[in-house]
K.L.:
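Got a structure here, written out as structure tokens. Questions coming.
Sequence positions, counted from 1, serve as the residue numbers for this chain. Both ligands and their constituent atoms are indexed starting at 1 by order of listing. Note: hydrogens, waters and symmetry copies are ignored here, and every other heavy atom, side chains too, is used.
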Amino acid sequence: MDPAGSPGRLRSATVVLGVAGGIAAYKAAELTRRLVEAGAHVCPVLTESAERFVGAATLSALASEPVRTSLFEEPEPIPHTSLGQRADLVIVAPATARVIAAYAAGLSSDLLVATLLATRAPVLVCPAMHTEMWEHPAVRENLATLRRRGVHVLEPDTGRLAGGDVGAGRLPDTARILEAAEAALAAEAGRRDLAGLRLLVTAGGTREPVDAVRYLSNRSSGKQGRAIALAAAERGAEVVLVSTVPAEPGPRLEVVPVETAEEMAAAVAARAAGADVVVMAAAVADFRPKAPAATKLKKRDGVPEIVLEPTPDILAGLGARKRPGQVLVGFAAETGDVVAEARRKLESKGADLLVGNDVSAHEVGFGWDTNAVTIVSRTAAVEVPLSSKREIAEAVLDAALAELRAARGGPPGPQGEPQT
Ligand code: CTP
């Protein structure tokens, strides 16, 4: 336990402490001292009006780094991005109605809000203001927006306010802010439950050339595969997304563009051995034209006879070469008995999980932003009702992680190292 009486996630955490211009700004000095005592590396950022309430020199003396106040007058050229990237946690205490509004609206009006917009670290906002402002619908709605985006909000206390009034809006005690900071860090660690794992995800329908301009494909939009890749990267995994549809790379997310089943098979084969989990969300064509024409087929030459040949079954190939402790996830877009078909494919392709969806249902599967699936394993079939593709992605990742833990007999470690 550290001096704050907490389990110590703040120890060696880099904390950006944003201080906005309210009377409670004077309490930032005590908070800074307690954060440093808890082992945190504290970088204070003051808004211009906060400087009227608390001396920058005081905070600089107590913190791990000097106070920063301006987007432009710092030695570093873009202080908000470096602060945002370095932070393990950003605390705004006190947070005024203005800073809350600017953060919710994405208005990077000063160094503090720019830092809030430039960070992927968890953020703890501690509002403090007069009761009338605290209860104003604008403030409530802005806070609801922030909460919806995953920002942690510590409700103010009721008590004596500036000017002698009594009501809700008082900045909570330093001990409660420290507790909330520990909780925000703990929640973040829980969200990173895929850290140390490598995921290979495929997305989109493959395109099989008929001639120089035409191809055979299917209705897959690649949205579900992309959602899985993105969610996995956000949960801490190193992800490679092999995709037939354009996708943005991101932190821990590499994108490998492909077009045909053969290109996808090659891209997957080159990376599958190092992957802890492979998710075949792509709609791989089962057949391709045997001899695609190198030039455009012309109408005047008559209706072409297109002879098809089977493509390699990527998932079945992976199933045949699967190493112990690796989890293979397949998808099956069906129009009939989804669970029976998913179960059949699970067995025939040697997968560990098969995610089946009924693409004849409304708002499910191809092109939609929503999906409804049944996740079939060897022992169970779990239905996930109509949800966003992001929520389906989280459910698929939860199921894959459970399989991985079962296969490895304990919490999963990186790259096939069974853990006990
Ligand atoms: N799959 C694959 N390679 C292929 C075809 C499919 O890896 N050539 C994968 C898909 O990515 C998906 C799973 O296998 O994860 C099931 O795909 P689906 O097209 O439903 O399987 P098929 O074997 O084609 O089944 P069927 O034609 O009997 O419906």
K.L.:
Above 12 or not: heavy atoms from other molecules or residues under 6.0 Å from CD of Glu30?
P.N.:
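Above 12, so yes.
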
K.L.:
Looking at Arg191, Arg192, Arg390, which hits side chain to side chain donor-acceptor pair (under 3.5 Å) with Glu234?
P.N.:
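Among Arg191, Arg192, Arg390, the one meeting side chain to side chain donor-acceptor pair (under 3.5 Å) with Glu234 is Arg390.
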
K.L.:
Contacts table for ligand 1: protein N or O within a distance under 3.5 Å of ligand N or O, distances only.
P.N.:
residue  : atom   : partner : partner atom : Å
ligand 1 : 3 (N)  : Ile314  : N            : 3.0
ligand 1 : 7 (O)  : Ile314  : N            : 3.3
ligand 1 : 7 (O)  : Leu315  : N            : 2.8
ligand 1 : 8 (N)  : Thr311  : OG1          : 3.3
ligand 1 : 8 (N)  : Pro312  : O            : 2.9
ligand 1 : 11 (O) : Met280  : O            : 3.4
ligand 1 : 11 (O) : Ala282  : O            : 2.8
ligand 1 : 14 (O) : Lys349  : NZ           : 3.0
ligand 1 : 15 (O) : Met280  : O            : 2.7
ligand 1 : 15 (O) : Phe331  : N            : 2.8
ligand 1 : 15 (O) : Phe331  : O            : 3.3
ligand 1 : 20 (O) : Lys345  : NZ           : 2.6
ligand 1 : 21 (O) : Lys349  : NZ           : 3.4
ligand 1 : 23 (O) : Lys349  : NZ           : 2.8
ligand 1 : 24 (O) : Asp286  : OD1          : 2.8
ligand 1 : 24 (O) : Asp286  : OD2          : 2.8
ligand 1 : 25 (O) : Lys345  : NZ           : 3.1
ligand 1 : 28 (O) : Arg344  : NH2          : 3.2
ligand 1 : 29 (O) : Lys345  : NZ           : 2.9

K.L.:
Just to verify, what does Arg300 make a side-chain contact (heavy atoms from CB on, under 4.5 Å) with, not counting sequence neighbours?
P.N.:
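Scan of Arg300 (side-chain contact (heavy atoms from CB on, under 4.5 Å), adjacent residues dropped) gives Lys298.
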
K.L.:
Which pairs of donor and acceptor atoms, one on a side chain in residues 221-229, lie under 3.5 Å apart (sequence neighbours left out)?
P.N.:
residue : atom : partner : partner atom : Å
Ser221  : OG   : Lys223  : N            : 3.3
Lys223  : NZ   : Gly367  : O            : 3.0
Lys223  : NZ   : Asp369  : OD1          : 2.8
Gln224  : OE1  : Asn371  : ND2          : 3.1
Gln224  : NE2  : Lys389  : O            : 3.0
Arg226  : NH1  : Pro246  : O            : 3.2

K.L.:
Around Arg120, counting heavy atoms of other residues, nucleotides and ligands shown, do more than 12 lie under 6.0 Å from its CZ?
P.N.:
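It does not: Arg120 CZ has 12 such atoms or fewer within range.
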
K.L.:
Please tabulate, for side-chain N and O atoms in residues 373-381, each donor-acceptor pair with protein atoms closer than 3.5 Å (sequence neighbours left out).
P.N.:
residue : atom : partner : partner atom : Å
Ser377  : OG   : Thr379  : N            : 3.3
Ser377  : OG   : Thr379  : OG1          : 3.4
Ser377  : OG   : Ala380  : N            : 3.0
Ser377  : OG   : Ala380  : O            : 3.4
Arg378  : NH1  : Glu347  : OE1          : 3.4
Arg378  : NH1  : Glu347  : OE2          : 3.3
Arg378  : NH2  : Ala351  : O            : 2.3

